[in-house]
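What follows is a short report on a single structure.
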There are 2 protein chains.
Amino acid sequence: MPNPAQNAGRTVTIHDVAAAAGVSIGTASKALNGVGRMREETRARVAAAAERLGFRPNTLAQALLGGRTYTVGLITCDSFGRFSIPVMLGAEDALGDGQISVFMCDTRDDPIRERHHVERLLARRVEGIIVTGRRTEPRPGIGRDLPVPVVYAMTQSLDESDLSLVPDDEGGGALATRHLLTTGRTRVGHVTGPEGFQAARARAAGMAAALGEAGLRPAGPVLHGEWSEEWGRQGADVLLRAAPDVDAIFCGSDQIARGVAETLRDRGRRVPDDVALVGFDNWEPMALGSRPALTTVDMNLGEVGRLAARHLLDGIAGRPVEHGVRTVPARLVVRESTRRGT
Amino acid sequence: MPNPAQNAGRTVTIHDVAAAAGVSIGTASKALNGVGRMREETRARVAAAAERLGFRPNTLAQALLGGRTYTVGLITCDSFGRFSIPVMLGAEDALGDGQISVFMCDTRDDPIRERHHVERLLARRVEGIIVTGRRTEPRPGIGRDLPVPVVYAMTQSLDESDLSLVPDDEGGGALATRHLLTTGRTRVGHVTGPEGFQAARARAAGMAAALGEAGLRPAGPVLHGEWSEEWGRQGADVLLRAAPDVDAIFCGSDQIARGVAETLRDRGRRVPDDVALVGFDNWEPMALGSRPALTTVDMNLGEVGRLAARHLLDGIAGRPVEHGVRTVPARLVVRESTRRGT
DNA sequence: CTGAAAGCGCTAACAG
DNA sequence: CTGTTAGCGCTTTCAG
């Protein structure tokens with residue numbers, strides 16, 4: 001049986017198929033697309049010829065004619081980093097079934113490169129663009145009045161008329177905090193990332209709100225620093241001095257939580273018996289590698305991506321795209337670091 | 001000044017530009033492409049019209065006519081994981097400047113999906129395909145006699161006639177080991193990943209070779225286990241029992257190294273004073289978060305990707321693509337965990 | 001120096 | 001039931 005793919009010579013066109021099947025080019029097209037009515041025998045003969053020659057309809061020609069390319073662009077400013085990848089996966093998920101292919105572009109955080117990529121994508125007649133990013137900090141949009149719909153995911157456009165999908169940091173902070181309260185903790189501290197990050201501020205706000213509902217306040221000051229383990233180690237020390245009776249610490253990231261865990265251990269506090277610990281990100285290598293394994297907030301980034309894709313598809317279908325900033329609920333993943341309340 | 005992008009209504013074609021500039025369609029084309037000879041004034045008039053209307057040549061039409069699409073496919077089996085991302089970045093790097101766009105496809109490790117993606121890419125007339133993967137284990141190729149060149153990066157095709165680019169695990173192991181010897185260590189142990197992984201075996205072989213050159217043998221048995229911190233913690237205990245006088249440990253991954261470091265600390269061995277430690281991967285969040293920061297082997301994955309892209313471009317240009325498995329040298333990153341030799 | 005016409009691979013009307 | 005034709009947007013001969 002000849003391999004259908006062995007057309008290394010010249011690409012097989014529908015013209016070849018038609019010739020091989022002894023029909024005209026138009027008939028071949030209809031036969032292959034199951035359109036119109038014709039003798040079953042003819043249809044089969046054409047199909048056989050196509051199969052034998054390894055015919056693959058040229059998507060470009062179809063696109064040119066049909067006015068649709070079934071492609072979208074995915075622009076990331078995250079160097080394909082840790083956050084945008086799950087988003088992309090989710091997006092690919094929602095798009096892939098629709099026979100839509102994805103052009104990937106990385107901007108390296110360079111606006112010139114970005115502009116360049118947008119131009120290229122538009123020249124390729126993508127039907128829509130998803131923009132993802134590293135942080136949730138608002139950023140300038142990729143352009144106004146573009147001829148295709150645009151959705152921002154895991155990043156946020158400064159332009160109010162754009163649609164941006166971001167994780168619910170505030171809700172996540174509240175979720176983590178309420179979980180700690182449920183397990184009987186009442187003196188909850190917070191060590192997190194730079195105050196300049198909206199994500200850090202929102203998570204802290206969520207925590208404060210949840211504590212407030214219970215008539216409580218944070219134990220010690222909210223400690224802002226870098227998104228690093230090293231800061232977690234330092235921050236924990238500061239916190240232990242400021243609020244020695246702390247019985248739970250909510251951390252702005254899993255990395256910070258690991259650092260905190262290390263200092264707690266060095267200072268003879270057992271996790272979770274003396275101090276319960278909650279991280280943020282559900283970055284598994286970190287959260288599972290930590291001892292004990294970290295309870296943490298998962299931002300459902302895949303869902304962010306899926307939603308972004310779905311909104312984009314709506315836009316492509318001609319339905320008006322919503323605008324403003326929309327938030328995707330987070331989810332708590334409970335592990336050892338908060339088991340067995342006091 | 002009108003925004004060139006405000007063509008939300010209908011896409012601007014060269015026909016529109018020609019009409020606006022008062023020239024024929026062919027003249028407009030030549031003017032825009034700087035081809036042929038014509039009055040400077042005409043050229044300028046066309047350029048101005050194109051600018052004003054926000055004309056973007058339709059890449060599809062150009063591709064159809066020119067027989068080149070300037071696109072390649074990137075297939076990953078790694079769910080955009082930690083390893084294939086740097087590879088992609090490197091590839092995008094080498095391709096992007098050549099005005100080549102990249103279609104991303106994730107297979108989720110499903111051969112059916114993979115087949116599907118390959119078909120789709122070929123239908124879109126990509127000019128080449130790069131396949132990346134999670135492990136360096138050999139895998140079946142994506143198809144024989146495809147009409148476009150294919151390069152495997154960070155994964156390896158079973159088909160000897162394919163070109164596969166993989167990191168030099170053996171060289172990396174030797175590099176790490178020689179560094180330890182240089183800092184005066186002589187009793188070097190090894191804790192690494194599953195024996196089933198070629199990467200683990202190659203790294204161990206590299207270490208054995210380097211020790212052999214110095215007339216030495218590994219301290220204790222080579223310990224195979226999971227690629228996890230937990231295994232690092234356990235493995236270190238086993239090693240300390242089997243070879244209590246060990247003064248250096250080379251680990252198969254940074255995660256394992258972190259686990260090893262933790263156990264060493266628990267057992268009262270100082271790093272690097274009593275025992276020096278080298279990891280593998282240079283996965284920065286892990287390597288830098290560890291205390292002390294880990295000396296580790298960087299596989300130069302970006303280079304792997306860049307090379308893959310370059311070979312692919314060669315293939316696209318019609319030059320014959322080499323075949324077999326080619327190896328990209330690794331690089332040592334020295335940090336605290338090996339400073340100050342005994 | 002500029003315009004007209006052919007054609008890339010395909011589909012969708014319309015004739016036969 | 002099948003073949004012919006026009007045309008998607010563009011480039012490239014070849015005449016004018």
Side-chain angles (χ1 to χ4, degrees), chain A residues 7 9-47 49-50 53-71 99 120 122-127 147, chain B residues 7 9-47 49-50 53-71 99 120 122-127 147:
Chain A
N7 52 338
R10 196 181 53 79
T11 309
V12 178
T13 75
I14 197 169
H15 183 270
D16 304 324
V17 175
V23 296
S24 86
I25 207 169
T27 306
S29 172
K30 278 185 292 190
L32 291 170
N33 295 306
V35 179
R37 277 179 312 186
M38 65 199 343
R39 242 183 306 161
E40 203 40 60
E41 190 267 334
T42 310
R43 208 179 285 282
R45 193 151 35 88
V46 173
L53 298 177
F55 172 65
R56 266 185 273 268
N58 185 332
T59 311
L60 277 80
Q62 295 180 144
L64 188 56
L65 189 58
R68 292 203 55 184
T69 58
Y70 296 93
T71 57
Q99 300 294 306
R120 207 141 85 187
L122 293 176
R124 290 198 184 277
R125 298 299 188 263
V126 295
E127 301 185 33
Chain B
N7 51 339
R10 196 181 55 79
T11 309
V12 178
T13 75
I14 198 169
H15 183 270
D16 303 325
V17 175
V23 296
S24 86
I25 207 169
T27 306
S29 172
K30 279 185 291 191
L32 292 171
N33 294 306
V35 179
R37 276 179 312 187
M38 65 199 342
R39 242 183 306 163
E40 201 42 58
E41 189 267 336
T42 311
R43 210 179 284 282
R45 193 149 36 86
V46 173
L53 298 177
F55 171 67
R56 265 184 273 269
N58 186 332
T59 312
L60 277 80
Q62 294 180 145
L64 188 56
L65 191 58
R68 293 204 54 184
T69 58
Y70 296 93
T71 56
Q99 302 293 306
R120 204 139 90 185
L122 293 176
R124 290 199 183 277
R125 298 299 187 263
V126 295
E127 301 185 35

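Remember, it's a predicted structure, so these values are computed and weren't measured experimentally. Naming: A, B, ... by sequence-line order, numbering from 1 per chain.
Candidate nucleotides D/dT11, D/dC8, D/dT4 were compared by shortest atom distance to the side chain of B/Gln62, and D/dT11 ranks first. For A/Ile14, the listed nucleotide lying nearest its side chain is C/dT11; candidates were D/dG3, C/dT11, C/dG3. In this structure, of D/dT12, C/dC8, C/dC1, it is D/dT12 that holds the atom nearest to the side chain of B/Ser29. Considering only side-chain atoms of A/Met38, the nucleotide from D/dT2, C/dC10, D/dC8 that sits closest is D/dT2.
B/Thr59 places a side-chain N or O within donor-acceptor distance of the main-chain N or O of A/Ala123, the cut-off being under 3.5 Å.
Between A/Arg124 atom CZ and D/dC10 atom C1' the separation is 15 Å, expressed in whole Å. With rounding to whole Å, A/Arg68 atom CZ is found 16 Å from D/dG9 atom P. Atoms CG (B/Leu60) and P (C/dC8) sit 17 Å apart, rounded to a whole Å. Rounded to a whole Å, the CD1 atom of B/Ile25 is 17 Å from the P atom of C/dG7. The nearest whole Å value for the distance from the CG atom in B/Asp16 to the C1' atom in D/dC8 is 14 Å. Between the P atom of D/dG7 and the CG atom of B/Asn58 lies a distance of 18 Å, rounded to the nearest Å. What separates NZ of A/Lys30 from C1' of D/dT5 is a distance of 12 Å, to the nearest Å. Atom CZ in B/Arg45 sits about 11 Å away from atom C1' in C/dT2, given to the nearest Å.
Counting heavy atoms from C-beta on, the side chains of A/Thr71 and A/Arg124 never come closer than 4.5 Å. A/Met38 has its side chain out of reach of A/Val46: every pair of non-hydrogen atoms, C-beta onward, lies at least 4.5 Å apart.
The side chain of A/Thr27 places an N or O atom within less than 4.0 Å of a non-bridging phosphate oxygen (OP1 or OP2) of D/dG3. Distances shorter than 4.0 Å separate some side-chain N or O of A/Thr42 from OP1 or OP2 on D/dT2.
Note on B/Val35: nothing from the nucleic acid sits closer than 4.0 angstrom, heavy atoms only.
Smallest separation of non-hydrogen atoms from A/Val12 and A/Phe55: O-CD1, 3.5 Å.
Remark on DNA chain C: of its neighbouring residues B/Gly26 and B/Gly66, the 5'-side contact belongs to B/Gly26, judged by nearest-heavy-atom nucleotide.
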Check the pair A/Asn58, A/Thr13 against side-chain contact (heavy atoms from CB on, under 4.5 Å), reporting the backbone distance first and the verdict last.
-> CA-CA 8 Å; A/Asn58 185 332; A/Thr13 75; over 6 Å; no
